[in-house]
Number of protein chains: 2
Amino acid sequence: MAEKDDCGTEAEAMEEALRSEGVRLTRQRKAILQVLAESADHPDAHELHRRAQEADDSVSLATVYRTLSVLETKGVVQRHAFEGAPARFETADAPHHDHIIDLDSREVIEFTSPEIERLQKEIARRHGYEVVSHRLELYCRRRR
Amino acid sequence: MAEKDDCGTEAEAMEEALRSEGVRLTRQRKAILQVLAESADHPDAHELHRRAQEADDSVSLATVYRTLSVLETKGVVQRHAFEGAPARFETADAPHHDHIIDLDSREVIEFTSPEIERLQKEIARRHGYEVVSHRLELYCRRRR
DNA sequence: CTTTTATTGCAACTCATTCGCAACTGCAGG
DNA sequence: CCTGCAGTTGCGAATGAGTTGCAATAAAAG
């Protein structure tokens, strides 16, 4: 099916990017990359560990954390620390976006707003700053 | 001096608000409220503990945390968990605002943007949600 | 295949924050 | 002013996410 093909492709693309950065591709890292590519939700480290172990039960939690750090510094994944919960991860394939967090289901919805982005830069400039990174999260509930 | 008077007033206002909520005003809580009222920066729990102990060295860290929880649920203080750092606190006297965090000095600058606020609500609505709370933080560096 | 050196699993550790519990203390009522 | 007791406290132990030291292992270069 198409999704699986895409994920395979995405995992390969990430592996390629890492190889060219001189990152050694171990069995464990491949498993983690595969899981990340297949995950449309935003899993946390424990969930990724659980999923990665299905493919290779030798993967330890420590390695999941270490791998996520490497992938983050290489720009392959993004880490999001939402309010009062362990950090969650997603592949960094899509361009920048912000998040709506459904307070009831904990589901995460992505959105972008060039307008808000522009306003942020302008506010920073007014205060003599330039934006290095930002965090915009809307904690929401479904409207009745 | 004026500032001290204001702080005294602010601490009293908070005490009053708490009393009317049926919160017992202990020596330790008064010390913590006083410190919070005097703090223009955004101290974390350990810093508040250090400052509160100057007035009353019996204040324990556990009590600082417990008091901050009470004050937060009573709407008297606000907790902010910025990236990769312990939570920081401020009195909830001023109306809602967002934050610029100076990555070099860790200083916090407050700002508001009704325009961004409006856009957030609109985005949430477009996705079938209503905003319960949000978090907007700009991690910045001074412009050269 | 061997070597070199990054990576791994494990268990022990850190750090912010919370909790159990016995001792203590505001404060409502005498 | 004095009492009683439910709400609070200090202490130390516990928790939970995330990190780290170390000896064993395994990519990848030759």
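Source: prediction; values computed, not measured. A note on names: the letters A, B, ... follow the listed sequences, proteins ahead of strands, and every chain is numbered from 1.
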Contact nearer the 5' end of DNA chain C, comparing R19(B) with L61(B):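 Result: L61(B).
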Expressed in angstrom and rounded to an integer, what is the separation of [X] atom [atom1] from [N] atom [atom2]?
X	N	atom1	atom2	result
E21(B)	dG7(D)	CD	P	15 Å
K30(A)	dT7(C)	NZ	C1'	14 Å
H49(A)	dT8(C)	NE2	C1'	12 Å
R88(A)	dG18(D)	CZ	P	12 Å
R27(B)	dT8(D)	CZ	C1'	11 Å
Q53(A)	dT8(C)	CD	C1'	14 Å
D56(B)	dC24(C)	CG	C1'	14 Å
L33(A)	dA27(D)	CG	C1'	15 Å

Taking only the side-chain nitrogens and oxygens of [X], find out if one of them lies under 4.0 Å from OP1 or OP2 of [N].
X	N	result
S58(B)	dG10(D)	yes
T63(A)	dG9(C)	yes
T67(A)	dT7(C)	no
T26(B)	dG7(D)	no
Q28(B)	dG10(D)	yes
Y65(A)	dT19(D)	no

Enclosure of K30(A) NZ (heavy-atom neighbours >12, cutoff 6.0 Å): yes
hbond_proxy R66(A) side chain to dG21(D) base (donor-acceptor, 3.5 Å cutoff): yes
Base dG7(D) paired with R29(B) side chain (donor-acceptor, <3.5 Å): no
Sidechain N-carboxylate O distance under 4.0 Å for R125(A), E122(A):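 Between E122(A) and R125(A) there is no salt bridge, as every charged N stays at least 4.0 Å from the carboxylate O atoms.
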SB check E47(A) R50(A) (cutoff 4.0 Å): yes
Flag, side chain of Y139(B) to backbone of E83(B), donor-acceptor distance under 3.5 Å: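 Yes, the answer is positive, given that a donor and an acceptor are paired below the 3.5 Å cut-off.
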Touch class at under 4.0 angstrom, heavy-atom based, for L25(A) against every strand present: sugar-phosphate
Salt bridge (charged side-chain N to carboxylate O under 4.0 Å, His left out) between E137(B) and R135(A), worked out: CA-CA 5 Å; E137(B) 293 155 11; R135(A) 191 198 228 178; 2.7 Å; yes
Which nucleotide in [options] has an atom nearest any side-chain atom of [X]:
X	options	value
V59(B)	dG10(D), dG18(D), dG9(C)	dG10(D)
R24(B)	dT25(C), dT20(D), dT17(C)	dT25(C)
S60(B)	dA11(C), dC11(D), dT17(C)	dC11(D)

Within-4.5 Å side-chain heavy-atom neighbours: I116(B) and Q120(A):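 In contact.
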